[in-house]
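Below you'll find the structure, written out as structure tokens, and then a few comments.
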Amino acid sequence: MAFSHDLLKDKAILVTGAGKGIGKACALLADACGANVIAVARTESDLVALKNESSERLSFWVGDVQDKALYEKIQALPLLHGLINNAGTNRVAPMQKQSDENIDDILSLNIRSAYKVAQAAITPMLKSQAPSIVHMSSQMGFVGSPGRTLYCLSKHAIEGLTKAMAVELAPNNIRVNSVAPTFIKTPMTEPMLQEPAFAEMVMNNIPLQRLGSVEDVANACIFLLSELSMTTTGSCLKVDGGWTAE
């Protein structure tokens, strides 16, 4: 690990969607950098496994980011220095076949809950020094893709939210940025990447000709949480191998 073990020392950092994949990698790296991590996920067994890989500083909450009780719990924190707003999902299908249920699921989890978690985090962040919010976006927040109208819609919304929050909260010294990965090997993407035609399409669109790792994304998030990025707000750090540069 290249980061100092003191980079986030004694900082209270909350990570949503921390049970698996990118969220888990973010929680582990924040913990390794000295933070007091609160990991949030719906599945207790995932959080117990995460705890077993981390230091005694890491604690976890079993909770749903769509639940009002979680927002109240976040808002009641005495201090919060950082938020990685990571929970999200995808529903892949041609637009004509997207059901009302799929539309509602994406709007609720990827947009509404991200907004509500960030909204709740503002209160304890106002009591903290140099706090930072990182929204998990995607390269699909900058481009379009067949079968991904809902996901693209949600991640374009996250980019708009990031910019608006950054401007609104700048007088309070709260920084807000996003991280936009390309396709990363996670439990959610692995089945898709096992399809030869899809995997070929992905690699043809990545100039670096390699997939990202969850650690690549976690590195970007920790940088944006830390004092290494004190003048960075309203920006997106793309971890996309060059996908959106062409």
Side-chain angles (χ1 to χ4, degrees), residues 8-31 33-44 46-48 50-51 54-89 105-137 154 157-158 160-162 164-179 217-218 221-222 224-226 233:
L8 298 177
K9 185 177 180 181
D10 298 329
K11 302 290 187 183
I13 305 295
L14 189 141
V15 183
T16 66
K20 292 185 176 73
I22 290 171
K24 181 178 181 179
C26 289
L28 288 172
L29 184 54
D31 175 67
C33 290
N36 298 314
V37 176
I38 302 170
V40 180
R42 291 181 297 179
T43 306
E44 185 173 10
D46 289 341
L47 291 170
V48 170
L50 168 64
K51 176 63 180 173
S54 65
S55 78
E56 62 182 13
R57 292 185 308 274
L58 186 141
S59 60
F60 63 78
W61 295 348
V62 179
D64 190 331
V65 293
Q66 300 176 88
D67 190 344
K68 181 181 178 182
L70 178 64
Y71 311 146
E72 292 172 348
K73 198 170 182 178
I74 294 170
Q75 195 169 28
L77 285 167
L79 288 172
L80 186 63
H81 300 95
L83 166 65
I84 300 178
N85 210 1
N86 170 69
T89 191
D105 285 349
I106 290 293
L107 294 179
S108 179
L109 180 56
N110 288 16
I111 301 176
R112 187 181 188 279
S113 71
Y115 190 101
K116 293 295 292 182
V117 167
Q119 183 184 48
I122 293 171
T123 298
M125 284 188 166
L126 290 172
K127 307 168 190 174
S128 310
Q129 287 195 343
S132 173
I133 294 172
V134 178
H135 293 301
M136 191 57 62
S137 182
S154 69
I158 290 298
L161 175 61
T162 297
M165 284 186 68
V167 173
E168 181 169 325
L169 298 177
N172 302 112
N173 202 33
I174 298 175
R175 296 185 297 109
V176 187
N177 295 286
S178 66
V179 169
V217 184
C221 291
I222 297 306
L224 290 171
L225 287 184
S226 77
T233 195

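Only this structure's heavy atoms are used, side chains among them; waters, hydrogens and symmetry mates stay out.
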Looking at Ile174, Ile84, Leu225, Thr233, which one forms a side-chain contact (heavy atoms from CB on, under 4.5 Å) with Ser132?
-> Leu225
Is the side chain of Arg112 donor-acceptor paired with the backbone N or O of Ile106 at a distance under 3.5 Å, no angle test?
-> no
Looking only at heavy atoms, the pair that brings Ala39 and Leu50 closest together is CB-CD2, 3.5 Å
Cut-off 3.5 Å, side chains only: do Ser113 and Gln66 have a donor facing an acceptor?
-> no
Between atom SG of Cys221 and atom CD1 of Ile13, what is the distance when rounded to the nearest 0.5 Å?
-> 11.0 Å
Atom pair CD1/CD1 of Ile38 and Ile74 - distance to nearest 0.5 Å = 8.5 Å
Rounded to the nearest 0.5 Å, the NE2 atom of His135 sits from the CG atom of Asn177 at a distance of 9.0 Å
Spell out, as yes or no, whether a donor-acceptor pair under 3.5 Å connects the side chain of His81 to the backbone of Pro131.
-> no
With no hydrogens and no angle check, is any side-chain donor or acceptor of Ser154 less than 3.5 Å from a backbone partner on Asn110?
-> no
Distance-minimising heavy-atom pair for Leu224 and Arg175 = O-NH2, 3.0 Å
Please lay out, stage by stage, how Leu83 and Met125 fare under the test side-chain contact (heavy atoms from CB on, under 4.5 Å).
-> CA-CA 9 Å; Leu83 166 65; Met125 284 188 166; 3.9 Å; yes
Verdict with supporting geometry, Met136 and Val217, side-chain contact (heavy atoms from CB on, under 4.5 Å) = CA-CA 9 Å; Met136 191 57 62; Val217 184; 3.8 Å; yes
How about Ser137 and Thr162: do any of their side-chain heavy atoms sit closer than 4.5 Å?
-> no
Pair up each side-chain donor or acceptor in residues 116-124 with any protein partner under 3.5 Å, not counting sequence neighbours, and list the distances.
unit_1	atom_1	unit_2	atom_2	d
Lys116	NZ	Gln119	OE1	3.0
Thr123	OG1	Gln75	NE2	3.3

Gap between atom CH2 of Trp61 and atom CG of Leu47 - 0.5 Å precision | 12.0 Å
Heavy-atom pair of closest approach, residues Leu58 and Ser54 = CB-OG, 3.5 Å
Could you check Lys51, Lys11, Arg57 and say which one makes a salt bridge (Lys or Arg N to Asp or Glu O under 4.0 Å) with Asp31?
-> Arg57
Grab the two heavy atoms, one from Gly19 and one from Asp46, that are nearest each other, plus how far apart they are.
-> O-CB, 3.6 Å
Heavy-atom pair of closest approach, residues Ala27 and Ala18 = CB-CB, 4.4 Å
Here the gap from Asn85 atom CG to Leu14 atom CG, rounded to the nearest 0.5 Å, amounts to 8.5 Å
Which is it for Phe60 and Val40 under the side-chain contact (heavy atoms from CB on, under 4.5 Å) test, yes or no, and what are the steps along the way?
-> CA-CA 6 Å; Phe60 63 78; Val40 180; over 6 Å; no
Flag yes if more than 12 heavy atoms outside Lys127 fall under 6.0 Å of its NZ atom; otherwise flag no.
-> yes
Distance (rounded to the nearest 0.5 Å) between Asn36 CG and Leu80 CG | 11.0 Å
Donor on one side chain, acceptor on other, Asn86 and Thr16, under 3.5 Å | no
Quick one: do Cys33 and Ile222 satisfy side-chain contact (heavy atoms from CB on, under 4.5 Å)? Show the steps, please.
-> CA-CA 9 Å; Cys33 290; Ile222 297 306; 4.2 Å; yes
